Chemist: 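Let me give you the structure first, and then I'll get to my questions.
A note on names: the letters A, B, ... follow the listed sequences, proteins ahead of strands, and every chain is numbered from 1. Please read these numbers as outputs of a predicted model, since none were measured by experiment.
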Amino acid sequence: MSSKSPYYITTAIAYVNGAPHLGHAYEVILTDVMARFRRLDGHQVFFLTGTDEHGEKVATTAERNNMAPRDFCDKIAAQFVEMDEILNISHDDFIRTTQPRHYAASQAIWNELTKRGDIYLGKYEGWYSVRDEAYFGEDELNTDENGKKVAPSGAEVTWKEEPSYFFRLSAYTEKLLAYYEQHPEFIEPDTRRNEIVSFVRQEGGLKDLSVSRTSFDWGVPVPNDDRHVMYVWLDALTNYITGVGYPDTNSDTFKTFWPADVHVIGKDIIRFHAIYWPAFLMAANLPLPKKIFAHGFINVEGQKMSKSLGNVLSPHDLVNAYGVDQTRYFLMREVPHGQDGNFSHEQAILRLNSDLANSLGNLAQRTLSMIAKNCGEVVPQPDGFTEDDKALLDLAHIRMLPLVRHEYDRFMIHRAIEEIMRVSYEANSYIDRQAPWGLKKTDPQRMNTVLYVLAEVVRCLALIMQPLTPASAARMLEQLAVAENERSFEFISSGHSLKPGVKLPAPQGVFPRMGDAQNQKAAG
RNA sequence: GGCGGUGUAGCUCAGCCGGUAGAGCAGAGGAAUCAUAAUCCUUGUGUCGGGGGUUCAAGUCCCUCCACCGCCA
């Protein structure tokens, strides 16, 4: 197809402890938008998402629901699969850590680490919190009102002692620091990298990491010692290589796609991805992913989403209220690169109306309906372009894509959207300046040219909107009679302009205005 | 407590290596009427968190203080 480099992008795999919420939706949409952009831009893309299903917490939750862990996981995993369908996610594979292929990969990497001498048997003892899935030092604990010891999170802790395998993380302190130094783009945004570097630089360096448990059995068995199951994070992180065929490092997928171009994750799990994962990979003698991108969280009406506040939004709520493409667009538009974003119904309506309905949707509609009424329902024949025409066409054909691509390269989707909207504004300004409705009587030839220019700009806008609003962009392209195999970004050029005389279907509005009805529905 | 970040128009944010502030939305006025009552044009006197310093010149560099956030302890 093209000589552009393959592109491997992943979401974090979702922990199946609970149902999908808006945060999961945001992450998978962000990743999907990036994956679609790269595909349309000529890259061979592999987009992996999935679910993380092991660990004591899942086992406990399953038990509380009177379900076997596996059945419980099946149930929740199905909800994530369903969410991806609803959100029109274009993943190439959906991995579950309970799949046989993943057991094979996890045990293989374990064996590699062992072979390398980086895993040894020791003993873990300390105060353990099931809820946090973590041990705490005596000095980290607080005392609650009943005089009981609790974790910093407030979770109950119990004294536990268990034999455990350890990963020699301490041996990687300097190697990791050197890697961060040599690859400043490895962790983004910068503020997250600063945090990681200062953590790794801590006095005494990194401590070895407990990587197995004997106190429960819901996990991948440790090879040659099945009293132990592997630590969930070692198991979970390995999904990124399982997905491309590990342990078969000679497979086509592995050779093509590893190392991954980017792991898209939430800022809360940066440490696992920016410290543990590269250390594991170094130990297994595998190349490291090129980038860890940590996104922020979505607040709702200015407040953190939380069950106790009762303001948890499900992806379904938004999709029902605004539509799939609108939900995708709003989240991408309103959450700046790596920062937290805010969702509010008022803002959603303002944004969706002003960007999608008023500017872009209306531009397409006014253009197409004038063509339908005045040009015999076919692409009009242009007749010589003026400077004004050329300026707008150049913007759409030549300048827009590089500007947008530059922002995508940096995960600045909100900025990319601004660049796209700028073109839409320019086109609306042009249409008023040229006033084709007035030319109808005075100069029909010129009217045809103006409408042709507009239709051509709408075509380019629809093409570049595809990653963000795939279904709506497709509808716009259908209305312009653009064939499905002519929708990649190489068609954003004057060389692939609309052919005059081609019959066009009846225009239909693509981005409806949101009114109070939607607001009510969403709030309820 | 340590490290890092943020604080710029009503709202969300841009402002690279210093040269006396910008964009979108919202608001106001006008034009137009092809279109989803959508569009276009015009319109922002903001102590750029406070104070001090360096400089001919500082959101933009230095110091300090305040507020908020993140990571670590």
Chemist: The test is ring pair (Phe, Tyr, Trp, His ring centres under 6.0 Å); show your working for A:F297 and A:Y26 and say whether it passes.
Modeler: CA-CA 9 Å; A:F297 294 150; A:Y26 170 69; 9.5 Å; no
Chemist: Write down the distance separating the C1' atoms in B:C17 and B:A23, rounded off to the nearest Å.
Modeler: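 23 Å, rounded to whole Å.
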Chemist: When rounded to the nearest 0.5 angstrom, what distance separates CD1 in A:I420 from CE in A:M400?
Modeler: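 So the gap between those two atoms works out to 7.0 Å.
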Chemist: Tabulated below should be each protein N or O lying under 3.5 Å from an N or O of nucleotides 1-10 of chain B; please produce it.
Modeler:
unit_1 : atom_1 : unit_2 : atom_2 : d
B:G4   : O2'    : A:N194 : ND2    : 3.3

Chemist: Can you measure from CE (A:M465) to CE (A:M421) and round to the nearest 0.5 angstrom?
Modeler: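 Answer rounded to 0.5 Å: 7.0 Å.
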Chemist: Could you work out the separation of B:U39 and B:U33 based on their C1' atoms and round it to a whole Å?
Modeler: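 After rounding to an integer number of Å, I get 9 Å for this pair.
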Chemist: Over how many whole Å does the gap from A:L392 atom CG to B:C40 atom P extend?
Modeler: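 Taking atom P of B:C40 as the reference, CG of A:L392 is at 13 Å.
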Chemist: Taking atom CD of A:Q445 as the centre, report whether more than 12 heavy atoms of other residues, nucleotides or ligands fall under 6.0 Å from it.
Modeler: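 12 or below, so no.
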Chemist: Please report, rounded to the nearest Å, how far the C1' atom of B:U33 is from the CZ atom of A:R433.
Modeler: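 So the CZ-C1' distance, A:R433 to B:U33, works out to 18 Å.
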Chemist: Supply the atom-to-atom distance A:L480 CG to A:I371 CD1, rounded to the nearest 0.5 angstrom.
Modeler: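 Result: 7.5 Å between the selected atoms.
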Chemist: Is there a residue in residues 362-375 of chain A whose heavy atoms reach under 4.0 Å of RNA chain B, and which residues are they?
Modeler: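 Per residue number, the list reads A:N362, A:Q365, A:R366, A:S369, A:M370, A:K373.
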Chemist: Rounded to the nearest angstrom, tell me the gap between atom CZ in A:R422 and atom P in B:C25.
Modeler: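 Checked: the CZ to P distance equals 11 Å.
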Chemist: Check the distance between B:C71's P and A:I269's CD1 and give it to me in whole angstrom.
Modeler: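 It is 14 Å, rounded to the nearest whole Å.
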Chemist: Kindly state which residues belonging to residues 424-432 of chain A come within less than 4.0 angstrom of RNA chain B, counting heavy atoms of the residue only, listed by number.
Modeler: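 Contacting residues: A:Y425, A:N428, A:S429, A:D432.
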Chemist: Considering only heavy atoms, which members of residues 376-390 of chain A lie under 4.0 Å from some atom of RNA chain B?
Modeler: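 By residue number: none to list.
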Chemist: Rounding to an integer number of Å, can you tell me how far A:N353 CG sits from B:C11 P?
Modeler: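 Rounded to whole Å, this separation is 22 Å.
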Chemist: Please name the residue in the list A:Y172, A:W277, A:W233, A:Y276 that meets the ring-ring contact (aromatic ring centres under 6.0 Å, His included) test with A:F167.
Modeler: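 The option that passes is A:Y172.
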Chemist: Take atom P in B:U8 and the same atom in B:C48, then report the distance between them in whole Å.
Modeler: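 Approximately 11 Å lies between the P atom of B:U8 and that of B:C48.
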Chemist: To the nearest 0.5 angstrom, please state how far the CG atom of A:L318 sits from the CZ atom of A:R328.
Modeler: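 It is 13.5 Å, given to the nearest 0.5 Å.
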Chemist: Both A:D355 and A:F511 contact RNA chain B. Which one's nearest nucleotide lies toward the 5' end?
Modeler: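 Mapping each residue to its closest nucleotide by heavy atoms, the 5'-most match is A:D355.
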Chemist: Using the P atom as the reference point in each nucleotide, state the distance between B:U54 and B:U60 in Å, no decimals.
Modeler: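 Approximately 15 Å lies between the P atom of B:U54 and that of B:U60.
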Chemist: Scan side-chain atoms only and decide if A:D389 and A:Y452 contain a donor-acceptor pair under the 3.5 Å cut-off.
Modeler: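 A:D389 vs A:Y452: no donor-acceptor pair found between side chains.
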Chemist: Look at the side chain of A:H397 and the backbone N and O of A:D394, then say whether any donor-acceptor pair between them is shorter than 3.5 Å.
Modeler: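 Side chain of A:H397 to backbone of A:D394, a donor-acceptor pair under 3.5 Å: no, none is there.
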Chemist: Side chains of A:N194 and A:T191 only: does a donor on one sit below 3.5 Å from an acceptor on the other?
Modeler: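 No, no side-chain donor-acceptor contact under 3.5 Å.
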Chemist: Is the A:H345 ring parallel, tilted or perpendicular to the A:F343 ring (thresholds 30°, 60°)?
Modeler: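 Perpendicular: the ring planes of A:H345 and A:F343 meet at over 60°.
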Chemist: Could you give the distance separating B:G22 and B:A32 at their C1' atoms, to the nearest angstrom?
Modeler: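 That atom pair is separated by 29 Å.
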Chemist: Could you tell me how far apart A:W437 (CH2) and B:A32 (P) are, to the nearest whole angstrom?
Modeler: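 It is 12 Å, rounded to the nearest whole Å.
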Chemist: For A:H273, which of A:F293, A:Y240, A:F280 qualifies under ring-ring contact (aromatic ring centres under 6.0 Å, His included)?
Modeler: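 By the ring-ring contact (aromatic ring centres under 6.0 Å, His included) criterion, A:H273 pairs with just one of A:F293, A:Y240, A:F280: A:Y240.
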Chemist: Atom CZ of A:R192 and atom P of B:C71: how far apart are they, to the nearest Å?
Modeler: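 Rounded to whole Å, this separation is 7 Å.
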Chemist: Measure from the side-chain N and O atoms of A:N428 to the backbone N and O of A:S359, and report whether any donor-acceptor pair falls under 3.5 Å.
Modeler: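 It does hold such a pair.
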Chemist: Syn or anti for B:G53, given that syn means the glycosidic angle lies within 90° of 0?
Modeler: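 That one's anti.
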Chemist: B:U39, OP1 or OP2 - any side-chain N/O from A:N358 closer than 4.0 Å?
Modeler: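 A:N358 to B:U39 OP1/OP2: side-chain N or O found under 4.0 Å.
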Chemist: Report the distance from atom CZ of A:R399 to atom CD of A:E426, rounding to the nearest 0.5 Å.
Modeler: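 Answer rounded to 0.5 Å: 8.0 Å.
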Chemist: Looking at A:F186, is A:K291 sitting on its ring face, NZ or CZ under 6.0 Å from the six-membered ring centre and within 45 degrees of the normal?
Modeler: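 Pair A:K291/A:F186 does not count as cation-pi.
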Chemist: To the nearest Å, how far apart are A:H295 NE2 and B:G70 P?
Modeler: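 After rounding, the reported distance stands at 16 Å.
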Chemist: Can you check the distance between B:C65 and B:A21, where both ends of the measurement are the C1' atom (answer in whole Å)?
Modeler: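 Pairwise C1' distance, B:C65 against B:A21, rounds to 25 Å.
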Chemist: Could you list, one pair per line, each protein nitrogen or oxygen that sits under 3.5 Å from a nitrogen or oxygen of nucleotides 12-15 of chain B, together with the distance?
Modeler:
unit_1 : atom_1 : unit_2 : atom_2 : d
B:A14  : O3'    : A:R415 : NH2    : 3.3

Chemist: Quantified in whole Å, what is the C1' atom distance between nucleotide B:C66 and nucleotide B:G50?
Modeler: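 Going atom to atom, C1' in each nucleotide, I get 7 Å.
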Chemist: Hey, could you give me the CD/OH distance between A:E162 and A:Y124, rounded to the nearest 0.5 Å?
Modeler: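 Interatomic distance, A:E162 CD to A:Y124 OH, rounded to 0.5 Å: 9.5 Å.
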Chemist: Answer yes or no: is there a donor N or O on one side and an acceptor on the other, between the side chain of A:D317 and the main chain of A:L313, under 3.5 Å?
Modeler: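 It does not hold such a pair.
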Chemist: Does NZ belonging to A:K441 count more than 12 external heavy atoms closer than 6.0 Å?
Modeler: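 Counting other residues, nucleotides and ligands, NZ of A:K441 stays at 12 neighbours or fewer.
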Chemist: Between A:L209 and A:F166, is the side-chain contact (heavy atoms from CB on, under 4.5 Å) condition met? List the steps.
Modeler: CA-CA 5 Å; A:L209 183 68; A:F166 284 82; 5.9 Å; no
Chemist: For a quick check under 3.5 Å, do A:D383 and A:T449 share a side-chain donor-acceptor pair by atom type?
Modeler: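 There is no such pair (donor and acceptor under 3.5 Å, judged by atom type) between the side chains of A:D383 and A:T449.
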Chemist: Roughly how far apart, to the nearest Å, are B:G49 and B:U55 at atom P?
Modeler: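 Result for the P pair: 23 Å, nearest Å.
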Chemist: How is the base pairing of RNA chain B summarised as a dot-bracket string, given the Watson-Crick and G-U wobble criteria with both distances under 3.5 Å, [ ] for crossing and | for another strand?
Modeler: (((((((..((((........)))).(((((.......))))).....(((((.......)))))))))))).
